[in-house]
Amino acid sequence: MKEDIEEVLLPAEKIRDKVRELGQVISRDYAGKDLLAVGILKGAFIFLADLVREITIPLEIDFIAVSSYGTATETSGVVRILKDLDSPIEGRHVLLVEDIVDTGLTLKYLLEALKARNPLSLRTCALVDKPSRRVTEVQLDYVGFSIPDYFVVGYGLDFAQKYRHLPDICVLKPEVYQGTGDKNERG
Ligand code: 5GP
């Protein structure tokens, strides 16, 4: 496992501090409101679990799972909902929690799909942003870290379903994913 890692980009302590900061800002911004935090599976499961424990106002949690179709190197923006929310969001303050935003296509699709269900408000929170990869403008309300165009794993992020349990966010050695053609499958 260690031999697959090129470098630790965001160590666990740095992530913890940032998640705490995000939790404080979100708690302040939503004070007096009923919040519904929606985690995008699978990648956001660790981030969501840590984030909600830093939020001090009442909230509920739901999950949505999506898969995106694309070629080997690009997501197409065509997203399929694999697991929908358990409850309606009409009239709710919804915060969509994502692990990493790359092209922006997944989040854009989800925002449009959820907006159509008439939430009272709809915001997004992403732990990691790769702005240089963006192909579409997308609304990002809370962002943890902006990073260059590295393929990263750990803290929920996978490659071929592996490495999600790593406590740090790490850059994977290119030779690990080169040739497999599925670097950009979402997780
Ligand atoms: P987007 O639609 O913004 O291109 O794709 C977002 C999804 O692609 C993320 O939720 C994640 O599943 C996947 N993704 C994008 N960049 C990375 C990365 O650096 N590492 C991993 N593990 N997944 C990524």
Side-chain angles (χ1 to χ4, degrees), residues 1 4-12 14-15 18-19 22 37-51 62-83 85 95-115 122-187:
M1 182 107 335
D4 297 345
I5 301 304
E6 180 121 328
E7 68 168 301
V8 173
L9 190 67
L10 302 168
K14 204 169 164 182
I15 298 173
K18 183 62 77 177
V19 171
L22 285 170
V38 172
I40 305 176
L41 293 173
K42 297 176 189 165
F45 81 109
I46 292 181
F47 176 39
L48 184 81
D50 284 348
L51 181 67
D62 207 342
F63 290 98
I64 195 162
V66 296
S67 85
S68 47
Y69 297 111
T71 64
T73 52
E74 294 299 328
T75 46
S76 63
V78 180
V79 177
R80 193 162 56 106
I81 294 180
L82 299 176
K83 182 230 165 279
L85 299 172
L95 179 64
L96 203 48
V97 179
E98 175 66 304
D99 48 6
I100 189 164
V101 180
D102 188 48
T103 63
L105 291 169
T106 306
L107 202 54
K108 192 184 170 83
Y109 172 88
L110 272 179
L111 275 169
E112 270 158 31
L114 295 186
K115 251 178 215 157
L122 181 58
R123 287 187 188 165
T124 59
C125 175
L127 181 64
V128 182
D129 182 21
K130 294 201 281 193
S132 66
R133 293 266 310 161
R134 201 76 87 252
V135 302
T136 181
E137 240 179 73
V138 69
Q139 168 206 340
L140 280 185
D141 299 291
Y142 304 96
V143 178
F145 303 97
S146 284
I147 64 164
D149 180 17
Y150 295 129
F151 189 77
V152 289
V153 295
Y155 198 73
L157 288 158
D158 76 311
F159 170 66
Q161 301 303 326
K162 296 197 188 89
Y163 311 103
R164 290 193 198 278
H165 63 296
L166 300 180
D168 310 305
I169 292 183
C170 305
V171 180
L172 204 55
K173 282 186 180 157
E175 58 262 35
V176 179
Y177 55 77
Q178 262 162 17
T180 65
D182 59 356
K183 170 166 92 78
N184 282 303
E185 263 182 19
R186 67 149 302 118

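This one's a predicted model, so the numbers in the text were calculated from it and none came from an experiment. Note that ligands are numbered from 1 as they come in the structure, with each ligand's atoms numbered from 1 the same way. Every heavy atom of this structure was used, including side-chain atoms; hydrogens, water molecules and symmetry mates were not.
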* Do Lys18's NZ or CZ and the ring of Phe145 fall within the cation-pi criteria of under 6.0 Å and 45°? ->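 Judged by the rule (NZ or CZ under 6.0 Å from the ring centre, within 45° of its axis), Lys18 counts as positioned above Phe145.
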
* Using distance alone, determine whether Phe151 and ligand 1 share an N or O pair under 3.5 Å. =>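 No, Phe151 has no N/O under 3.5 Å of an N/O on ligand 1.
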
* **Gly104-ligand 1 polar pair, N/O distance under 3.5 Å** =>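 Yes - when backbone and side-chain N and O of Gly104 are compared with those of ligand 1, one distance drops under 3.5 Å.
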
Subset of ligand 1 atoms that lie under 4.0 Å from at least one heavy atom of [X]:
{"X": "Lys130", "value": "16 (N), 17 (C), 18 (C), 19 (O)"}
{"X": "Glu98", "value": "10 (O)"}
{"X": "Val152", "value": "18 (C), 19 (O), 20 (N), 21 (C), 22 (N)"}
{"X": "Asp158", "value": "21 (C), 22 (N)"}
{"X": "Asp99", "value": "9 (C), 10 (O)"}

Taking [Y]'s backbone N and O only, do any of them form a donor-acceptor pair with [X]'s side chain (distance below 3.5 Å, no angle check)?
{"X": "Thr124", "Y": "Gln139", "answer": "yes"}
{"X": "Thr103", "Y": "Val135", "answer": "no"}
{"X": "Asp62", "Y": "Val38", "answer": "no"}

* With a 4.0 Å cut-off on heavy atoms, does Tyr150 reach ligand 1? ->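 Checking ligand 1 against Tyr150, which is what was asked, there is a heavy-atom contact under 4.0 Å.
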
* May I ask you to decide if the ring planes of Phe151 and Phe159 are parallel, tilted or perpendicular, using 30° and 60° as cut-offs? =>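 Correct class here is perpendicular.
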
* Thinking salt bridges, do Asp4 and Lys162 make one under a 4.0 Å N-O criterion? ->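 Result for this pair is no, no salt bridge flagged.
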
